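All values reported here derive from a predicted model rather than from experimental measurement. When reading the values below, keep in mind they use all heavy atoms of this one structure, side chains included, and skip hydrogens, waters and symmetry mates.
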2 protein chains.
Amino acid sequence: MASSKCNVGFIGLGAMGFGMATHLVKAGYPVNGFDVWAPTLERFVAAGGKAASTPRAAAKNAPVLIVMVATGAQAMVALFDPDMGAVLDLEKNATIIHCSTAPPEHVPEMRRLLDQHGRQDVELVDAPVSGGTIRAAAGTLTILASGPESSLKAGNELLEEMAGGNLYIIPGGLGAGTKVKMVHQVLAGIHITMASEAMGFAAALGLNTRKAYEALKEDLAGSWMLANRGPHMLENDRTVYSALNIIGKDIGIVCTSGRMEKFPLFLSSASEQVISTGVRAGLGLIDDAQLTRVYLSQEPDLVLKQAADSFTSEDFDTKLQLVKQLLMGVHTVAAVEAMSFGVKVGLDTRTMYDIIKGAAGSSGIFVDRVPMILSGKWENRKTVGKALDELSEALEYAAKIKFPLHLGGTALQIFHMAAQQGLAEEPDVAIVKIWDGASGAYFPRA
Amino acid sequence: MASSKCNVGFIGLGAMGFGMATHLVKAGYPVNGFDVWAPTLERFVAAGGKAASTPRAAAKNAPVLIVMVATGAQAMVALFDPDMGAVLDLEKNATIIHCSTAPPEHVPEMRRLLDQHGRQDVELVDAPVSGGTIRAAAGTLTILASGPESSLKAGNELLEEMAGGNLYIIPGGLGAGTKVKMVHQVLAGIHITMASEAMGFAAALGLNTRKAYEALKEDLAGSWMLANRGPHMLENDRTVYSALNIIGKDIGIVCTSGRMEKFPLFLSSASEQVISTGVRAGLGLIDDAQLTRVYLSQEPDLVLKQAADSFTSEDFDTKLQLVKQLLMGVHTVAAVEAMSFGVKVGLDTRTMYDIIKGAAGSSGIFVDRVPMILSGKWENRKTVGKALDELSEALEYAAKIKFPLHLGGTALQIFHMAAQQGLAEEPDVAIVKIWDGASGAYFPRA
């Protein structure tokens, strides 16, 4: 049956791309892969793929070309380099599936350049992905596809092959998929940083970090990222599941867009600064779970050290409660910041919620609180005043032990602002009013 | 004439206390000093003082007792220790001048404890100081004195001796002086952190840091702290002028009070986290100008290295402009945050302004913008939108070179919030509306 599968060109065989491309090989597609790093090409051939020496060569004879490079700039070079660019040998009526994460304006700009090259015949799908290397290799990535009807139809077979049941078609034309990814990365970036802030705090509080992780991961205070990154912190595992530079690039796209929109993204910005600190400290190419090192400086292995079964915590329950309070406070602000930003960039809030709740940007609080924000049916799980007091307690303790809570401190000021605006007795989701102001234009109000 | 000067007991001969006490010795006062660290006592005797072996011994036969320890807790022990506390041997009708920086509730609590000990006869002055070790030794400290009329009168001679012309009497009773000091420390803490953020940014941008410093220190973008701390960064000077732990303690008091008042202090909180990072990295006992090391991690000496005359900058003027934009944006938010917090804790805004503008918490922007806020006569030096764009440009560049702007990023979100609230075309001081909300209760409005 392999003969019925079309040729696929694949540009970018990094951690994600390699998994995606080899999955297609296993599914029977003849895949002609290109990467700038030769050893990766050798591995790809060993896995049954073919090696192309240029992007142009990868595109040749392929009705579908998949682009999965690290940045928008790399994608532009791969397509439009005057000597080696894929556009020079793209098949007539070929379909480009663009999976790299880039700013929202990137894919529309790519369309414009294709047209300038006289390639109105080429179909283009904006198809950023989420889910990590394991799901990439398994063909179960979350893919957020947008573009013209004809392009989505042309790309559908390959998109379904890579996503399994996790393919979402985002209305709004080219760029809409990227916008959903961007809003998702608000949460991903904050939650990755927060996983290190919380686990570092747990360690600094003297907790057995493995026990703390076990207690947190399924709790309302947990997040997908905490559950996923925690084990990387607890084992002496040097595998780079996702390099700090990758989430650094993504949160950079978020913050740049925030600056373009002049939209307040307090936690995203605080995360960007923490991640920049980590990159500057030389952590850019290692796993993002090692961001704990930024928080623990002189005791960089404290989370690992205190993961030993023999490590005994004092006041485990009381101190763990502080970590939970910290996580819940930050995750509440993060959920509101992300959803508000989504509205600002013109996304449908219900679609955003449905996608994010099952993806890597999810958290217990996100799943619990966002439906209230969308429906306007605010249940009083916790007042603003109570959330404030809980977060404040964590900050007070952190100040005593000189542990920096970059995100916790930032989130607390949002609750303070809400309290100053007279919202202390309202449900904690009332902090949406900080973003949508007096107008209430963003969300239904309780 | 020495015989006409009264005996003075002095508890706490640290960096500040030693200068203050030896100044009194030079002025002819018999000073009986106590400190927990024996070598300091030897130095004090060499400088002409007398050494007391306990706080109780220091207090004996002294009509005036000055307390200049590091924390409120130390002060309580020095006064009320059941065996060695000063209260046990305080002269009848003695005057305690309390100069340590502590939370606002501290001195009133001390009054209550004196009364409980049956010492209603003792006068008590709340007299926190500002100005650094050089002014301490010169007798020209800024002193912010408050308390009952009788206490202020009793302490007046010694207060004037230590302050020269820089004695301010703060109305409002015991604790009012501490509140002014606390609001001053909002600015001191932010500006100290900002000096490192700005000089670190200048270094990371590839500027000759000495030339950058010279250009910044007298500029509207400058601050007293930048002018004062800059030289410590530019020379290989290991002198501890003021340990990071000291400003860490002060900004901790600010943030704790902010939490008690549930008042948003975005930049103070961000500073607290940066300083905690520094303390955790082992910088607590060294000069606070070394906070640059938190920003530069793997190249901790970059500011020093690029201070060499031989170091040539590229695009000096363009890149320096980014540093100025960063400083001005942060200093504008800092001025508004501090003044708003002052109103919140019940201080007179005009008094605060008059004191701070001549003290270590001052900045070019503070002196230029705060009078507009107080008078309601807003001049349009720069719109919110323009300030936002300038700060945004600095953040964008910092993101590219992976330099963390913890305060810059935080300040930018405040401007974003103001823009979202429709204030983009108003003068930049319109960000006061972020703190005093819709009520306009804090300041006159333009």
For this output row, return yes or no: ring centroids of Phe266(B) and Phe266(A) closer than 6.0 angstrom. yes
Best-contacting candidate, Lys402(A), His416(A), His406(A), against chain B by heavy atom pairs under 4.5 angstrom: His416(A)
Cut-off 4.5 Å, heavy atoms of chain A, and the answer for Lys400(B) is neither
Among Arg280(B), Glu299(B), Glu396(B), Gln420(B), residue most engaged with chain A (heavy-atom pairs, under 4.5 Å): Arg280(B)
Applying a strict 4.5 Å limit to non-hydrogen atoms, the region of Ala281(B) in contact with chain A is both
Contact winner vs chain B - Gly282(A), Ala270(A), Gly252(A), Gly385(A), heavy-atom pairs under 4.5 Å: Gly282(A)
Ranked by heavy-atom pairs below 4.5 Å to chain B, first place among Val279(A), Leu395(A), Leu388(A), Leu412(A) goes to Leu395(A)
Strictly below 4.0 Å, N to O, side chains only: are Asp389(A) and Lys262(B) in salt-bridge contact? yes
Applying a strict 4.5 Å limit to non-hydrogen atoms, the region of Ile275(B) in contact with chain A is neither
Only pairs of heavy atoms separated by less than 4.5 Å count here; which of Thr256(A), Leu391(A), Thr410(A) has the most with chain B? Thr256(A)
Does atom CZ of Phe263(B) have more than 12 heavy-atom neighbours, drawn from other residues, nucleotides or ligands, at distances under 6.0 Å? yes
Would you say that Ser276(B) contacts Phe403(A) through its side chain, given a criterion of any heavy-atom pair below 4.5 Å between the two side chains? no
How about NZ on Lys382(B), more than 12 heavy atoms from neighbouring residues, nucleotides or ligands closer than 6.0 Å, or not? yes
Does atom CD1 (Ile401(B)) have a neighbourhood of more than 12 heavy atoms from anything else shown, all under 6.0 Å? yes
Return the OG to NZ distance between Ser340(B) and Lys433(B), rounded to the nearest 0.5 Å. 13.0 Å
Return the option, out of Glu261(A), Glu272(A), Lys344(A), with the maximum number of heavy-atom pairs under 4.5 Å with chain B. Lys344(A)
Please classify the contact of Phe415(B) with chain A as side chain, backbone, both or neither, using a heavy-atom distance under 4.5 Å. neither
Interface residue of largest heavy-atom contact number with chain B, from Gly409(A), Gly422(A), Ser297(A), under 4.5 Å: Ser297(A)
Could you go through the salt bridge (Lys or Arg N to Asp or Glu O under 4.0 Å) check for Asp428(A) and Lys386(A) one step at a time? CA-CA 8 Å; Asp428(A) 59 6; Lys386(A) 173 75 171 155; over 6 Å; no
